[in-house]
Visitor: 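Below: one structure in structure tokens.
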2 protein chains.
Amino acid sequence: MGIKERKERQKTEMRESILDASLKLFTEEGYENVTMRKIADKIEYSVGTLYLYFKDKGEIFFELHSRGFAEFYNKQLSIQHIKDPIERLKAHGEAYIRFAMEFPEYYDLMFISRVPAKEIEKFEHWEEGERTYEILKLNIRQAMEAGYFKGVDLEVAAFSLWSFVHGIASLSIRGRLKMIPEQYLQFLISGALQFISKLY
Amino acid sequence: MGIKERKERQKTEMRESILDASLKLFTEEGYENVTMRKIADKIEYSVGTLYLYFKDKGEIFFELHSRGFAEFYNKQLSIQHIKDPIERLKAHGEAYIRFAMEFPEYYDLMFISRVPAKEIEKFEHWEEGERTYEILKLNIRQAMEAGYFKGVDLEVAAFSLWSFVHGIASLSIRGRLKMIPEQYLQFLISGALQFISKLY
DNA sequence: ATTATTAAATAAACAACGTTTAGTATTTAA
DNA sequence: TTAAATACTAAACGTTGTTTATTTAATAAT
């Protein structure tokens with residue numbers, strides 16, 4: 001009786017195939033420039049088929065979003081082995097920006113897009129988000145214990161550093177730095193990260 | 001022969017009326033959720049009429065965007081009388097945040113909203129934006145001449161400070177700080193501004 | 001093997017969008 | 001009073017996300 005198993009396998013394969021195609025299209029052309037028809041074309045099925053596997057376009061995005069957060073979380077964990085708390089904090093900032101640049105569509109959904117009124121409660125108990133914020137606070141606390149951030153409130157420091165990297169990421173993703181040549185922008189960003197690290 | 005004058009007056013009144021209605025709708029529902037039909041409904045004219053006064057939806061957006069910038073520019077000028085460059089720089093940051101909080105709809109249009117693809121090249125020679133950015137750089141330069149920001153690149157400093165205040169503003173406006181009680185958020189923001197001022 | 005049942009996929013349609021067109025009022029000039 | 005110009009609108013176009021009715025294919029039952 002392997003039929004059921006095979007069917008299930010085929011179903012998840014189909015879902016994967018849709019998500020694959022969607023992610024490629026989203027990153028190439030941006031969420032709103034990707035139509036359901038384009039996705040269907042890419043996987044060589046009809047449009048209606050997409051709706052057998054996903055409730056709507058938003059669900060495709062949200063599934064990718066969850067995967068994005070997993071990726072984000074891992075990226076943050078991957079620098080936790082660094083011993084020196086200051087070096088770790090620097091790497092943390094870099095990892096944050098790198099994620100935003102590599103997966104702008106994910107980043108946009110996670111931190112920039114308007115949250116539809118209906119989905120707002122998903123952000124109220126936003127486990128995935130808070131989990132990563134806790135890593136930041138942990139890193140700052142350990143830097144404090146090592147003698148840095150003298151006389152600074154932990155919450156203020158965390159909020160400030162988050163705002164800072166988010167500022168860079170969101171200005172870039174939403175096209176407000178378009179006038180800056182790519183290479184010079186790279187210089188500015190790494191310069192800014194170095195600049196802010198004087199606060200430590 | 002006041003006919004021509006009257007017609008011109010009526011034409012600008014109509015434009016104003018369209019812009020008024022659009023700004024209200026954009027603020028309430030966000031650019032992409034506002035349809036040309038909704039705007040037309042609000043001013044009680046047909047959809048086609050909108051296209052007699054504006055080339056397309058993006059042009060309405062851009063006109064509002066420009067006005068937001070005028071308001072913004074004035075707010076920045078209003079603190080230029082402060083003599084001490086450091087005090088002026090602090091006031092600059094505060095004025096920036098205050099503008100964002102007082103006119104979130106304009107701030108959103110100016111720095112957060114997705115720019116309609118067609119209008120993107122307008123950001124390449126973005127006079128209004130650069131004019132305000134020049135004020136920031138001027139203030140930093142004068143602080144440098146007064147002995148602050150030792151060994152820091154001017155462009156890097158300007159970019160960093162902008163990213164920082166934009167980070168705060170955009171996280172707040174796009175609801176990513178909803179979990180923080182209003183009063184505590186005020187504490188965090190002023191704390192963050194104080195924190196960053198250690199860089200001077 | 002044939003038939004009935006279920007599942008998978010599609011073609012066609014729907015409503016809503018930004019935009020354009022062709023035509024109707026209204027105002028101005030002759 | 002008529003002709004020309006202007007202001008406006010109704011209806012349509014092409015695309016969008018989504019739903020439907022229908023067909024095709026695979027499985028189960030007889």
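Not measured: the values here are computed from a predicted model. The chains referred to below are lettered A, B, ... by the order of the sequence lines, with proteins before strands, and numbering in each begins at 1.
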Visitor: Under a 3.5 Å cut-off for both contacts, is C:dT26 paired Watson-Crick or G-U wobble with anything, and if yes, with which nucleotide?
Guide: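 Across any shown strand, C:dT26 pairs with D:dA5.
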Visitor: Rounded to whole angstroms, how far apart are NZ on B:K57 and C1' on C:dT20?
Guide: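 About 17 Å, once rounded to whole Å.
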Visitor: Can you measure B:E32 atom CD to C:dG18 atom C1' for me and round it to whole angstrom units?
Guide: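 Nearest whole value for this atom pair: 14 Å.
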Visitor: Output the rounded distance in Å from CZ (A:F26) to P (D:dG17).
Guide: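 A:F26 atom CZ is separated from D:dG17 atom P by 9 Å.
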Visitor: Report the nucleotide, chosen from C:dA11, C:dG18, D:dG17, that has the shortest atom-to-atom distance to any side-chain atom of B:M36.
Guide: C:dG18
Visitor: Compare side-chain N and O positions of A:R6 against OP1 and OP2 of D:dT27 and report whether any pair is under 4.0 Å apart.
Guide: yes
Visitor: Which listed nucleotide (C:dG18, C:dA8, D:dC8) is nearest to the side chain of B:Y51?
Guide: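 Of the candidates, C:dG18 comes closest.
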Visitor: Identify which nucleotide among D:dC8, C:dT27, C:dG18 has an atom closest to any side-chain atom of B:K7, counting heavy atoms from C-beta outward.
Guide: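 Given the options D:dC8, C:dT27, C:dG18, the side chain of B:K7 is closest to C:dT27.
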Visitor: Classify B:Y53 by what it touches in the nucleic acid, base, sugar-phosphate, or nothing, heavy-atom distance under 4.0 Å.
Guide: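 Result for B:Y53 = sugar-phosphate.
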Visitor: Once you round it to whole Å, what is the distance between P of D:dT16 and CG of A:L50?
Guide: 14 Å
Visitor: In terms of the nearest nucleotide of DNA chain C, which residue is placed more toward the 5' end: A:E44 or B:V34?
Guide: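 Going by which nucleotide is closer to the 5' end, it is A:E44.
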Visitor: Distance only, no hydrogens: is a donor on one side chain within 3.5 Å (strictly under) of an acceptor on the other, for B:Q76 and B:Q80?
Guide: no
Visitor: Which comes earlier along DNA chain D counting from the 5' end, the contact point of B:K11 or that of B:R37, where each point is its nearest nucleotide?
Guide: B:K11
Visitor: Taking A:E155 first and then A:R141, would you say they form a salt bridge - that is, a charged N and a carboxylate O separated by under 4.0 Å?
Guide: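 A salt bridge is absent here (no side-chain N lies under 4.0 Å from a carboxylate O).
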Visitor: What residue among B:Y107, B:Y106, B:F103, B:F99 forms ring-ring contact (aromatic ring centres under 6.0 Å, His included) with B:F72?
Guide: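 It is B:F99, the one option of B:Y107, B:Y106, B:F103, B:F99 that forms the ring-ring contact (aromatic ring centres under 6.0 Å, His included) with B:F72.
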Visitor: Checking all strands, does A:T49 fall into the base, sugar-phosphate, or nothing category for heavy-atom contacts under 4.0 angstrom?
Guide: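 Since a base atom lies under 4.0 Å of A:T49, the category is base.
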Visitor: Return the value, rounded to whole Å, for the distance between atom CZ of B:R15 and atom C1' of D:dA7.
Guide: 16 Å
Visitor: A:V47 has a side chain; which of D:dA10, D:dT18, C:dA11 sits nearest to it?
Guide: D:dT18
Visitor: Mind calculating the distance between CD (B:E5) and P (C:dT27) to the nearest angstrom?
Guide: 19 Å
Visitor: Output the rounded distance in Å from CD1 (B:I43) to P (D:dA7).
Guide: 14 Å
Visitor: Side chains of B:N33 and B:E28: is there a donor and an acceptor less than 3.5 Å apart?
Guide: no
Visitor: Say you draw a straight line from OH of A:Y53 to CD of A:E59; how long is it, rounded to the nearest 0.5 Å?
Guide: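 Answer for the OH-CD pair, A:Y53 versus A:E59, is 13.5 Å.
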Visitor: Could you give the CG-to-P distance, from A:L52 to D:dT24, as a whole number of Å?
Guide: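 Going from CG in A:L52 over to P in D:dT24 covers 17 Å.
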